[in-house]
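Read the structure below first, then the notes.
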Amino acid sequence: MEAVGLWQSAFDLMLGFSLFGLAWRMLFCADLFKSIVLFITFGLLMAIAWVRLEAPDVALAEATIGAGLTGALLMSAFAKLRTLDNSLKSGQPLLPRPRLHVINFWIALLFTVLLTGGLAYAVLSLPSHSPGLSDAVMSQLDSSGVTHPVTAVLLNFRGYDTLLEMAVLLLSIQSVWSMAGMSDAGEVHTSPVLNVLIQLLSPVLILVSAYLLWVGAHAPGGAFQAGSILGAAGVLLVLSGRPLFNLKKSWLIRLMLVAGPAAFIALATLTLINEGQLLKYPVANAANYILLLETLATVSIGTTLLALFVGSQTEAVQQDQSHQ
Amino acid sequence: MMLADILTIILLLGGAFFFLAGTIGLLRFPDVYTRLHALTKADNVGLGLIVTGLAIQAQSWAAAGKLILIWLLVLLAGAGVSYLIANGALARGVAFWKR
């Protein structure tokens, strides 16, 4: 067992240094495209780090949202920037970053050192062995309706937080739509191989999403992970030129965007009237309420992430092309 | 040590060898197309060996099945994506390596 512990420590050290190195390269790389690729790599290694910290829920979310969908968003933003900026000659690194002024560099360094120092102080001042709230959660787990403590906290004990998170997602797509307008995918790549790949992968992705949603009741998984995989399936479909919805007109997509937050608010109101407290479910029905909320939240999260991708992707590109 | 354990160790080492070879190829090969060739060997064969080695140790048939499903998905994605990258490189006129 001693040898195994040593190997694990070596692996953790390597992982930590790799993350640090990747973050460094990502920030100081002259080429934005390289930075994005490094960011995606960073997200994947970060997911492994979360697994090593025994937080598989966070690892799943990091892999799907942090590395996957954020990577896709950054790539589409990069493509848009490249199209807008036609003056660059080929051969140069695309979109070279402006050099920092010397004073700005020192100011940035000062704040970074202060922030790092503060964080280090906060971490070091924590008690070294604190159970946190896990005892309180485990003692109440039977009344939550699920057997996975993370889901119990997110959807029952601290359901209020998740309600606000859903509201933030809704706000984000509203602001993207008001800034960029709504439009359908512009650049479309089709090839027979991509078509077969998507035909095979889309049903699998939907199945995996449903599995993660269902398994969240007793194991790592849940609405955010399931929703982001659903969103990824949508991104694949949009990229291959199968517009799922006409985003400009469809009321269906608006309904899907608000389904999660609306269900949360409705249930919060209902429990406030019946139980006298926000999102305090009666124990007998807690499992059903959580499943209902998670299902609708999955649909809303998936649609929001897809709409963010589509919404950020196109309008400016199309305008730019029409000018030429 | 059980026979299954020995088999697992051999398969995992074999898988690690393919990943190492694939990584060296990715770093050392001269152009996009040959690098993709090296990468897909690691993904397909290396992961296949590792998944087989782990499936032998799996507690249930369901766990072994999930592992093999992951391998099949990676095969599918790897083959499709490497085609798309190669095709994209070709469309942008990335030159073939010539000695």
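In what follows, chains are A, B, ... by sequence order, proteins preceding strands, each numbered from 1.
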Measuring heavy-atom distances to chain A, does B:L73 have an atom under 4.5 Å in its side chain, in its backbone, in both, or in neither?
side chain
Are A:L230 and A:L205 packed together at the side-chain level, in the sense that at least one heavy-atom pair is separated by less than 4.5 angstrom?
no
Between B:H37 and B:F29, what is the ring plane arrangement, given parallel below 30°, perpendicular above 60°, and tilted in between?
parallel
Quick check on B:L76 against chain A: is it the side chain, the backbone, both or neither that has a heavy atom closer than 4.5 Å?
both
Are A:T64 and A:Q225 linked by a side-chain donor-acceptor pair shorter than 3.5 Å?
no
Residues in residues 15-25 of chain A that sit under 4.5 Å from chain B, counting heavy atoms only
none
Would you sort out whether B:Y83 and A:S191 count as a side chain to side chain contact (heavy atoms under 4.5 Å, CB included), showing the intermediate values?
CA-CA 10 Å; B:Y83 164 81; A:S191 81; 3.7 Å; yes
Does the pair B:F19 and B:D43 meet the rule for a side chain to side chain contact (heavy atoms under 4.5 Å, CB included), with working shown?
CA-CA 7 Å; B:F19 269 104; B:D43 274 359; 4.3 Å; yes
Heavy-atom distances under 4.5 Å only: say whether A:V204 touches chain B with side chain, backbone, both or neither.
side chain
Evaluate the criterion side-chain hydrogen bond (donor to acceptor under 3.5 Å, both in side chains) for residue pair B:T34 and B:D31; output intermediate values, then yes/no.
CA-CA 6 Å; B:T34 47; B:D31 69 355; 2.6 Å; yes
For A:I48 and A:F11: C-alpha separation, side-chain torsions, deciding distance, then whether side chain to side chain contact (heavy atoms under 4.5 Å, CB included) applies.
CA-CA 11 Å; A:I48 298 176; A:F11 180 80; 4.2 Å; yes
